Amino acid sequence: MRRTHHCNELRQEHSGIDAILVGWVHSRRDLGGVLFIDLRDREGRTQTVFDPADLPKELFERASKLHSESVIEVSGKVRMRPTGTENAKIATGVLEVLVKSFTVLNLAEILPFPVDDPEVTAKVNEELRLKYRYLDLRRPEMMRNLRLRSRVGTATRVFMEQEGFLEVETPTLFKSTPEGAREFLLPSRTNPGEFFALPQSPQQFKQILMVAGVERYFQLARCYRDEDLRADRQPEFTQVDIEMSFIDREDIYALIEGLLARVWKTALGIDIPAPFKRITFADAMNQFGIDKPDTRFGMQLVDLTEDFRTSTFKVFSGAVASGGVVKAINAKGLACATQGQIETMTEYAKSFGAKGLAFIKCEGNEWKSPIVKFFSESEKVALKQKLAIEEGDLILFAADQWLNACEILGKIRLYCADVLKATGKLSIPAGQFNFLWVVDFPLLSYDKELNRWYSSHHPFTAAVEEDIPLLKTDPKKVRGQHYDIVVNGVELGGGSIRIHQPDVQKHIFEDILQISPDETQLRFGYMLEAFKYGAPPHGGIALGFDRLIAILCGSTSIRDVIAFPKTAKGTCLMTDSPSSVTPRQLRDLHIDVKTPKKE
RNA sequence: GGGGGUGUAGCUCAAUUGGUUAGAGCGCUGCCCUGUCACGGCAGAGGUUACGGGUUCGAGCCCCGCCACUCCCGCCA
C-alpha cells in the first residue's frame with residue numbers, strides 16, 4: 001500500500017503536501033455541490049473533501065454513492081480548512097485532504113447496526129454485537145479496550161522480565177484432575193477411550209518448573225473451566241500466572257504491588273499507594289461480611305452478640321445461646337427503603353437459611369420496626385451508640401451462626417450500597433482504587449454432606465507454620481499461607497506458599513482430604529515423585545487478566561475486554577460454535593454420541 | 001439445575017394497560033442543496049410484534065409452552 005499517513009496524523013505542518021490515506025468511510029456529508037467524507041482508521045479520523053469543480057463527474061458520482069464503512073484509498077493535497085470551518089472535536093480538525101483521486105478497496109453493504117454513533121451503538125443488543133463482533137470492535141471504545149489490553153500485557157511482560165522472571169509456556173493438553181472446577185475434555189484419537197483435559201490453570205506445571213530450577217516463572221496463561229458463566233467469568237480466560245522459589249508471602253506481596261503499580265501507571269497514569277492494606281479473612285468477614293471487601297464505603301458490620309445474650313427477644317438471644325452471633329449494619333439514609341427493597345433483602349437472608357430479616361427504620365424521630373417493642377431500654381441504648389443511629393437510618397440485623405450471619409449482612413451491605421448509589425446518597429469517585437490483601441484464610445473447610453474436609457484454596461497450599469500442630473487436633477483452626485488480592489470488591493487474584501515436602505503433601509491428600517493412596521498416585525503421583533528429587537520451597541499467585549483489564553477500562557463485564565467472548569450459555573454467535581461434527585470425526589475419536597442433535 | 005429481566009421496522013425505542021389501518025428518531029431509497037462535521041429540506045419504502053399454542057367478538061398487551069440474549073443463586077479445588 002502507498003499509505004503515507006494514518007487518519008490521526010496530519011497536523012498544521014503537513015499543510016500543502018500530498019497525502020494518501022486509507023480507511024473506512026466513517027460518515028458522508030453530501031451538500032450537493034461539495035462532498036465531505038470522514039475517513040477513519042485505527043488511529044482516528046480525517047475529513048476529505050470532494051469538489052466537483054476539479055474532479056471528473058464519474059469519480060464524484062461514485063464517491064457520493066459510497067456507503068458507511070466501505071474501505072477506500074484517497075489521495076490528495078493536505079490543506080488548512082477555511083477559517084471558521086475547523087472542527088475542534090477531532091485532532092485533525094484544522095485541516096482536510098482535497099481529494100484528487102480515490103480507489104474503492106471494498107464496498108460495504110448496509111450495516112446491521114451503526115458503528116459511527118457511540119451513544120446508539122453502546123445500547124445495541126449484545127446478541128447482535130456478538131454476531132457481528134468485527135463491527136462491534138470497530139467502535140472506538142472497543143478498540144481502546146483492545147489497545148489497553150495489549151499495552152498492559154506488554155507492561156506486565158517488561159516488568160516481569162526486569163524482575164528476573166522467565167515466561168514459560170505450559171501445555172494446554174493436560175491430564176484430567178477432577179478436583180475443583182469442571183474441565184473441558186478432549187478425546188484422544190491415538191489412545192482410544194482416553195482423554196486430555198484443558199487446564200483450569202497451569203498450577204501443577206508451574207510447581208514442577210520450580211522443581212526444575214526455573215526459580216522465577218510467569219506466563220500470560222490461557223485457562224479453561226467448564227462452569228456456568230457470569231459477567232466476570234468466561235469459559236476460557238487469561239491469567240497472569242506467577243511462581244517463585246525461595247520466597248515467603250512478603251516477597252509475593254511486594255512483587256504484585258510493584259506489578260500493579262506499573263500497570264496502573266501505564267494504563268491510567270495513576271500512582272497507586274503501596275504497600276497495600278492487609279486484612280485477615282476473619283476480620284473481612286466480621287467487618288464486611290465477605291472475603292473480598294469493597295472498602296470504598298463504610299456501612300461495616302457491628303457485633304451485638306453480648307448486648308443480646310440475655311435479651312427477652314428470643315430470636316436474638318436464642319441464636320446466641322446456640323453458639324451464634326447477632327450482627328447489624330446501619331444503612332445511613334436508607335430509612336426510605338421501599339417495601340420491595342426490604343423484601344429483596346429478606347430474600348437474600350432467606351437464601352442463607354434465615355427465617356427473616358429484622359430491621360429498624362428511623363423515621364419521624366421514632367424507630368419503626370416490628371421488633372423494637374421487644375427491646376429493653378439498655379438494649380436500645382447499646383444499639384444507638386454502637387451503630388451511631390440517626391434520623392433517616394435503616395438498621396438491618398442478622399442472628400445466626402457466625403459465618404452465615406456475616407455473609408447475609410455482607411450481601412445486604414452491597415445491595416444497600418447499590419440502592420444508595422442509585423439515589424445519589426452514596427457516591428464513589430471513578431478513579432478510586434482500594435487495594436487489599438486478604439490473608440489468613442482457613443486452610444480447610446468442612447463438607448457436611450460428604451462428611452470430610454476439603455481445601456479452601458487448593459490442596460498444594462502450605463499451612464501457616466505455627467498452626468501445623470493443629471492439623472491433627474483442630475483442623476478448622478489451621479490457617480493457610482494463602483492470600484487474595486482484592487480491589488474495590490473484586491477478587492483480582494490469589495495464591496499461596498506451596499507445600500514442597502512430598503510427605504507433607506501426601507499427608508494432606510490421603511489423611512486430611514481422604515483421597516485413597518491409589519487415587520493419589522494416579523492423579524498426583526508424578527508431582528509427589530518430582531518433589532522427592534529436590535523441590536525448593538516455593539509459592540505463587542495468579543491474577544485474573546480479563547478482570548484486571550475490565551477494571552482499568554471501567555467495564556462491568558469482561559466480555560468488553562475480550563475480542564471474541566462467549567455468550568452466557570458458552571456459545572460463540574459469530575462462528576456458531578459449538579457445533580456438531582461428522583460421524584467420521586466421531587469414529588476417529590472412538591466416540592458414540594447418545595444425545596440426539598438439536599436442530 | 002433454579003430465579004429475575006428483555007425480545008415490536010435494519011438500529012434505538014413508543015403504543016392510553018384488551019379496542020379502528022402498530023408509531024417516532026436514526027438508518028435506507030429518490031429528489032434538492034458549494035463549507036458540512038449528529039449537515040439541512042422534501043418525498044417514499046420498510047412489520048409473521050422472537051417462535052408455537054390458548055382465552056376472547058377482538059391479543060403487541062392476558063394464559064400455557066418454547067427459543068435467544070442478559071443478570072443473579074447453585075457451581076467456579
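These numbers were taken from a predicted model, which means no experiment stands behind them. Lettering of chains follows the sequences in order, A, B, ..., and the numbering in each one begins at 1.
- One interatomic measurement links the two molecules: NE2 of H26(A) to P of G27(B), which rounds to 13 Å at whole-angstrom precision.
- Under the 4.5 Å side-chain criterion, counting only non-hydrogen atoms from C-beta, L130(A) is in contact with P565(A).
- Across all strands shown, R559(A) has heavy atoms under 4.0 Å from sugar-phosphate atoms exclusively, and none from any base.
- To the nearest angstrom, P of U6(B) lies 16 Å from NZ of K123(A).
- Partners of H500(A) by ring pair (Phe, Tyr, Trp, His ring centres under 6.0 Å), not counting sequence neighbours: none found.
- Checking U70(B), C75(B), C11(B) against every side-chain atom of A568(A), the shortest atom distance belongs to U70(B).
- At a threshold of 4.5 Å between non-hydrogen side-chain atoms, the residues C7(A) and H26(A) do not count as touching.
- Each of I110(A) and V124(A) was assigned the nucleotide of RNA chain B with the nearest heavy atom; the assignment lying further toward the 5' end belongs to V124(A).
- In textbook terms, a nucleotide whose glycosidic angle is within 90° of 0 is syn, and U17(B) is one such case.
- On a pure distance criterion of 3.5 Å, no polar donor-acceptor pair joins the side chain of R225(A) and the base of C76(B).
- Of the P atoms belonging to C32(B) and U20(B), the separation is 40 Å, rounded to the nearest Å.
- The R233(A) side chain lies nearest to C76(B) when the options are C76(B), C13(B), A68(B).
- Contact between the side-chain N/O atoms of K89(A) and the OP1/OP2 oxygens of A38(B) is found at a separation under 4.0 Å.
- A cation-pi arrangement, defined by a distance under 6.0 Å to the six-membered ring centre and an angle within 45 degrees of its axis, is present between R62(A) and F102(A).
- Taking atom P on both nucleotides, C61(B) is separated from G54(B) by 14 Å, rounded to a whole Å.
- Applying the 3.5 Å distance criterion, the base of G7(B) shares no donor-acceptor pair with the side chain of N125(A).
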Go through the steps to decide whether F441(A) and F281(A) satisfy the test ring-ring contact (aromatic ring centres under 6.0 Å, His included), and finish with yes or no.
CA-CA 5 Å; F441(A) 285 83; F281(A) 169 78; 5.4 Å; yes
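- The same atom, C1', is picked in G46(B) and in G25(B); the two are 15 Å apart, to the nearest Å.
- Rounded to whole Å, the P atom of C13(B) lies 9 Å from the corresponding atom of G7(B).
- Residues E183(A) and K175(A) have side chains not in contact (no heavy-atom distance under 4.5 Å, counting atoms from C-beta outward).
- Side-chain proximity of D228(A) to G74(B), C71(B), U70(B): nearest is G74(B).
- Using a 4.0 Å heavy-atom criterion, one finds that Q203(A) contacts the bases of the nucleic acid, with or without backbone contacts as well.
- Spacing of C1' atoms, C67(B) relative to A50(B), comes out at 8 Å, to the nearest Å.
- U70(B) and C28(B) are spaced 29 Å apart, taking the P atom of each and rounding to whole Å.
- Between L436(A) and I485(A), every side-chain heavy-atom pair lies at or beyond the 4.5 Å cut-off.
- Counting heavy atoms from C-beta outward, R225(A) and Q200(A) have side chains that approach closer than 4.5 Å.
- Residue-level contact check: S351(A) touches neither bases nor backbone, having no heavy atom under 4.0 Å from any strand.
- Considering only side-chain atoms of E127(A), the nucleotide from G10(B), C69(B), C37(B) that sits closest is C69(B).
- The residue N87(A) sits close to a base: some heavy atom pair falls under 4.0 Å.
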Pairs: protein N or O with nucleotides 33-35 of chain B N or O, under 3.5 Å:
residue : atom : partner : partner atom : Å
C33(B)  : N3   : D30(A)  : O            : 3.3
C33(B)  : N3   : G32(A)  : N            : 3.3
U34(B)  : OP2  : G33(A)  : N            : 3.2
G35(B)  : O6   : R79(A)  : NH2          : 2.6
G35(B)  : N1   : E96(A)  : OE1          : 3.4
G35(B)  : N1   : E96(A)  : OE2          : 2.9
G35(B)  : N2   : E96(A)  : OE1          : 2.3
G35(B)  : N2   : E96(A)  : OE2          : 3.3

Hey, mind stepping through F174(A) and F196(A) against ring-ring contact (aromatic ring centres under 6.0 Å, His included) and telling me if it holds?
CA-CA 5 Å; F174(A) 182 42; F196(A) 290 108; 9.6 Å; no
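- Under the Watson-Crick or G-U wobble criterion, with both distances below 3.5 Å, G23(B) is paired with C13(B).
- Closest to the side chain of R230(A), out of C75(B), U70(B), C11(B), is C75(B).
- Within 3.5 Å, no donor on the side chain of R129(A) pairs with an acceptor on the base of C11(B), nor the reverse.
- Atom-to-atom, CD of E109(A) to P of G27(B) comes out at 19 Å; the value is rounded to the nearest Å.
- Remark: C1' of G10(B) and CD of E69(A) are 15 Å apart, rounded to the nearest angstrom.
- Using Watson-Crick or G-U wobble geometry with both donor-acceptor distances under 3.5 Å, G18(B) finds no partner in any strand shown.
- Remark: H458(A) is not in phosphate contact with C76(B), judged by side-chain N or O atoms under 4.0 Å from OP1 or OP2.
- Residue contacts shown for K131(A) are absent, as no nucleic acid heavy atom lies under 4.0 Å away.
- Comparing S557(A) and S27(A) by the nucleotide of RNA chain B whose heavy atom lies nearest to each, the residue mapping closer to the 5' end is S27(A).
- Pairing for G40(B) is with C32(B), a Watson-Crick or G-U wobble pair whose two hydrogen-bonding atom distances lie under 3.5 Å.
- At whole-Å resolution of the value, CG in L128(A) and P in C11(B) are 6 Å apart.
- The side chain of R29(A) has U36(B) as its nearest neighbour among U36(B), C69(B), U12(B).
- Closest approach of L95(A) to R79(A), counting heavy atoms only: CB-O, 3.1 Å.
- In this structure, I90(A) reaches neither bases nor backbone, as no heavy-atom distance under 4.0 Å exists between it and the strands shown.
- Checking the phosphate oxygens (OP1, OP2) of A68(B), a side-chain nitrogen or oxygen of K569(A) falls inside 4.0 Å.
- Nucleotides U55(B) and G65(B) have their C1' atoms positioned 15 Å apart, rounded to a whole Å.
- Across all strands, T571(A) comes closer than 4.0 Å only to sugar-phosphate atoms, never to a base (heavy-atom distances).
- A gap of 43 Å separates the C1' atoms of C33(B) and C69(B), to the nearest Å.
- Base pairing of U6(B) is made with A68(B), judged by Watson-Crick or G-U wobble geometry with both donor-acceptor distances under 3.5 Å.
- Between the side chains of T121(A) and R139(A), no donor-acceptor pair is found at a separation under 3.5 Å.
- Using a 4.0 Å heavy-atom cutoff across all strands shown, E86(A) reaches at least one base atom of the nucleic acid.
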